[in-house]
Structures are given as C-alpha cells and as structure tokens.
Amino acid sequence: MHRTSATIRAAGAGPALEALKRANPDWAPWLAAVEAAVHALDAPPATTVEVTLAVAREDGTPLLDGAMLRIDAAAAAAWVQRLFAHASGFDAAEGLTAVRMGPDEALVLLEAAIERDLERLRRFAADTVDDGAEPVLAIADLAAYPILQASGERVESLRPGAWPYGHCPICGAWAALAELRGLEKKRCLRCARCGSEWQVEWMLCPFCGETDHRKLGSLTPEHGAETRRIDKCESCRAYVKTVTTLSAKPAACVLLDDAETVDLDIAALERGYARPPGGGRLIDVTLEARS
Ligand SMILES: [Zn+2]
Ligand SMILES: [Zn+2]
C-alpha cells in the first residue's frame, strides 16, 4: 500500500500514545480525543489547508499572524463533530454530542481556537452547548491541532532563521518543552500545537531574555535526571521542561511528550515557577472555506 506523508506523521506518534495509555489509564477519555486528533493528520481537513501569509510582519511576530487559511469547511465540521463525540467521555462533556456542527459553526470555532481567543470560544460555547463552556474550551486546542500541524508544515521553510523567543515562530504558542538534541546537545524549543521547532542558546531564558548565568538554573527530578529536567529563570520565574533526545521528535509527538512530562510541570509549579501567562503571543488569522 502506498504510504502518504500524512500516514507517516500519525504513525510517528503511535508508540508514544500507546505508552501514555498504559501509564495513565485514568486519562482514557482525554487520550481518546488526542488519538482522534493524531489520526486526523491522515485525513481532511488536515491535509487540505491552503495558507496565504500576510505580506509583512514585525520582528518577533509569528508567521501565521495576519494569515488567511483556507480549509474544506464541510470536512472540518465533520471532524469537529467526531472530536466532540470522542470527548463526550470527559466529565460534564455529554452535551457535546448534541451539538450540530455545520461548516459555518466549524469555521468560527476553529478560527477562535487557532487564535486562542478565549472570549470568542466562551461565546461560541454558550450559544451552542447547553451545559457550559468548559468542555468546549478543553478540546478547542485539539480541534485546531490538525490544521495547525498542516499549516506549520506548509510554512516551515519560510520562517526566520533566528528566533530567540519563548513563543512559537509559526503559531505564537509558548514552547511546550525543549529538546537537548544529539551529541552536541543542541537546545531546540518545540511547539505542541503546530509541531514547530526553533534553536535557542543554552544560556538564555526565552521568555524574558535573561542571559546572566547566576539567574538561570535547573531542577532535576529524582528519577531520570540524566534525560529530563526543568530549566528555570529567577528573573521572570518562568520554566521550560527539557528532555534529552537523539534526534528531532516527529511534530505529531510534541503534544504527547508534553503530556508525558506533566510531572515536571507539577514539580515546577510546586516550587513557584510558571509558564508566562496568556498562552503565548496571540495571532490573528482568517479561516475561510475553500471554494
Ligand atoms: Zn506553534
Ligand atoms: Zn526569564
């Protein structure tokens, strides 16, 4: 059988997904929704995104800011409906299965989800779901995931070479984690939404720009200290999880690696460190139906 690149993308995340399922049986409803999102990388709307970038952007502005994304809106509506059905195992999410998602509604939801526009997502949820906004907010990121991954792949070659920031050069989300890669231990930040990666200096807080080694440090867990740790900054009290890898993980895996290292998030929060507020640099996109 002919293997498309999309099939390879989803397959790359398979082992990590299975490991998460085995280790965290109580995450089953969420992982069912994640699995649906990963499998959506094999099918429309993920593979049918057309991206038109804004003509000009200021330094530090993510590539997709001001972009026009065109998708198959009917396929997107079917995808969101399917995801809602998968997510109905969440607490208080039963109401999602009753939502009737048409192409127009799907475009509104997905555009707000890509932009991380919480106000709009709340309004959308209040208009469409009987029992509150939280279930919609909880899976909005997953709904946008296949579109962001496909968009990231489309524009990857166009992004600026140097990107010394903590937000993603493509979609603007805060880095989910850093990979220390290969023998030379290149430090690459990764985005769990679009899968992007960008190299930053070792001695740098990507969130506030601190480079003073006296302000930067690491916390290591009791177990697995040689392959995973928390890099922290005393100037802004932000942290980034860091894992050692031989080579770049597939884009589809970053979301799963972020979940797999949640114990590091908990340890950092317990010690008073946090990711900066707001989810990252907000972007403005226009999502349209392809004609
Ligand atoms: Zn991104
Ligand atoms: Zn900092």
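Predicted model only: the values in this text are computed from it and were never measured. Whatever order the structure lists ligands and atoms in, that order sets their numbers, starting from 1. Starting from 1, each residue takes its place in the sequence as its number.
- Taking the six-membered ring where the residue is Trp, the centroids of Trp198 and Tyr165 are separated by 6.0 Å or more.
- Rounded to 10 degrees, the SG-metal-SG angle spanning Cys191 and Cys194 at the Zn ion (ligand 1) equals 110°.
- Checked for salt-bridge contact, Asp257 and Arg190 miss the test: no charged N lies under 4.0 Å from a carboxylate O.
- No side-chain heavy atom of Trp163 sits under 4.5 Å from any side-chain heavy atom of Pro206.
- Judged by distance alone, with hydrogens and angles left aside, the side-chain atoms of Arg193 form no donor-acceptor pair with the main-chain N or O of Gly172 at under 3.5 Å.
- The Zn ion (ligand 2) is the vertex of the angle joining SG of Cys236 and SG of Cys205, which measures 110° to the nearest 10°.
- Taking the Zn ion (ligand 2) as the apex, the angle formed with SG of Cys208 and SG of Cys233 is 110°, to the nearest 10 degrees.
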